[in-house]
Every structure is written in C-alpha cells, then in structure tokens.
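None of these values were measured; they are calculated from a predicted model.
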Amino acid sequence: MSYITAHPELSWQLVTKYVSAGLMYTISKMKLKKKYGITDERANLYQVLEEWAGAVGERKYLGGDLPSRADIEVFGMVRAIQGMDTFDDLQKNTSITRWYHDMQAVVEQHRDFE
C-alpha cells in the first residue's frame, strides 16, 4: 500500500478501476434491465443474435462480400465472451456460427500486432 500512496498516479488508476466496475454492475442490474424489459440475459442475447443472423441472411456478412463496421462491432462483442460457457451455448442455440467463423478468419488475416 505504501508504494501506491507514494505514486499518486497509480492510486487513481486503482480507484477508477474498482469504482467503475461497481458502477457498471449497478447500472446494468438496476437501470438497463428495467429500461429494456430484460428478465433473462442469456435468452435476450440469443434473441438479439438471431435477429442479427436474420439481417445477415444468405450474405457472407451484413456488408455483403466484405465486413461492414456493424459486422466488426458485433464480432467484437461476441469474441469478448469466447472461452466462456455463454459462448458455447451461443453457438448451440443461435445460427451465427458460420458468420462468426467467417469474421474470425477475416480478422485473423488482418492482424498486424500480437
């Protein structure tokens, strides 16, 4: 603790990290679920991603032959849960698997950093 107090720039980072996490949790539980009428988060996620898959339709991406900004944004959200049980369930319970794997291949081709 003395190291953190000796370096004030670090203490703000820790405060921001933990206070922000608490605020985001509170906002999501108290405000957003009520605002959008969400009772089951996972079922809502499946529903929204099925709507996405429907919008993509038979095209490779929503943008057609190349991913659009919307494709990239949705891919980023889904990729954030990769490796979690929710991701596995998502692939079993929605029809976005083909689109997701196509997006993954495109993103991997254009990675300039590690």
Side-chain angles (χ1 to χ4, degrees):
M1 187 65 147
S2 61
Y3 181 80
I4 292 174
T5 56
H7 298 279
E9 68 277 4
L10 295 178
S11 63
W12 281 111
Q13 291 173 354
L14 289 174
V15 168
T16 301
K17 177 181 176 180
Y18 292 109
V19 169
S20 297
L23 283 173
M24 291 305 294
Y25 178 81
T26 302
I27 289 169
S28 71
K29 293 294 180 189
M30 296 178 76
K31 293 279 188 181
L32 294 178
K33 285 177 70 171
K34 286 181 187 175
K35 180 178 180 179
Y36 295 104
I38 298 171
T39 55
D40 182 353
E41 298 91 349
R42 194 170 288 201
N44 187 258
L45 179 62
Y46 297 160
Q47 176 189 346
V48 169
L49 288 173
E50 275 303 309
E51 290 174 18
W52 172 259
V56 172
E58 296 298 316
R59 296 174 295 203
K60 190 165 186 169
Y61 308 106
L62 185 66
D65 291 334
L66 296 172
S68 66
R69 181 176 178 178
D71 285 300
I72 294 166
E73 290 176 2
V74 173
F75 174 75
M77 185 276 306
V78 175
R79 188 171 187 156
I81 61 172
Q82 188 173 358
M84 299 180 186
D85 291 341
T86 303
F87 180 80
D88 296 334
D89 290 346
L90 190 70
Q91 291 197 318
K92 292 175 190 168
N93 295 297
T94 67
S95 55
I96 68 158
T97 303
R98 178 198 51 85
W99 169 86
Y100 182 81
H101 289 299
D102 290 344
M103 281 298 298
Q104 194 170 29
V106 164
V107 169
E108 291 297 320
Q109 287 175 359
H110 292 91
R111 283 184 79 169
D112 295 325
F113 59 92
E114 277 290 320

Roughly how far apart are E50 CD and L90 CG, rounded to 0.5 Å?
-> 9.0 Å
Would M103 end up clustered with I81 when hydrophobic side chains under 4.5 Å apart are linked, directly or stepwise?
-> yes
For T86, side-chain hydrogen bond (donor to acceptor under 3.5 Å, both in side chains) partners two or more places apart = R42
Might you point out which heavy atoms bring I72 and P67 nearest each other, and give the distance in Å?
-> CG1-CB, 4.5 Å
Qualifying ring-ring contact (aromatic ring centres under 6.0 Å, His included) pairs, either residue in residues 37-61, two or more places apart | W52-W99
Given the rule that I, L, V, M, F, W and Y join up when any side-chain heavy atoms are under 4.5 Å apart, are M84 and M77 in one cluster?
-> yes
State the CD1-CG distance between I96 and L49, to the nearest 0.5 angstrom.
-> 4.5 Å
Just jot down the side chain to side chain contact (heavy atoms under 4.5 Å, CB included) partners of I38, sequence neighbours excluded, or say none.
-> K33, Y36, E41, N44
Report the residues that fulfil salt bridge (Lys or Arg N to Asp or Glu O under 4.0 Å) with E51, sequence neighbours left out, ordered by chain and then residue number.
-> none
Would you name the heavy atoms of D71 and G63 that are closest together and state the gap between them?
-> OD2-N, 3.1 Å
Not counting sequence neighbours, which residues clear side-chain hydrogen bond (donor to acceptor under 3.5 Å, both in side chains) with Y100? List them please.
-> Q82
To which residues is L66 joined in a hydrophobic cluster, defined by side-chain heavy-atom contacts under 4.5 Å among Ile, Leu, Val, Met, Phe, Trp and Tyr, whether direct or through other members?
-> none
Not counting sequence neighbours, which residues clear salt bridge (Lys or Arg N to Asp or Glu O under 4.0 Å) with K60? List them please.
-> none
Who are the salt bridge (Lys or Arg N to Asp or Glu O under 4.0 Å) partners of R59, not counting sequence neighbours?
-> none
Of the non-hydrogen atoms in A53 and S95, which two are nearest, and what is the gap between them?
-> CB-OG, 3.5 Å
Tell me, please, which residues at least two apart from M24 pass side chain to side chain contact (heavy atoms under 4.5 Å, CB included).
-> none
Which residue pairs pass the salt bridge (Lys or Arg N to Asp or Glu O under 4.0 Å) test when at least one of the two sits in residues 73-85, sequence neighbours left out?
-> R69-E73, R79-E108
Which residues share a side-chain hydrogen bond (donor to acceptor under 3.5 Å, both in side chains) with D88, sequence neighbours left out | none
Euclidean distance, T94 OG1 relative to K92 NZ, rounded to 0.5 Å | 12.0 Å
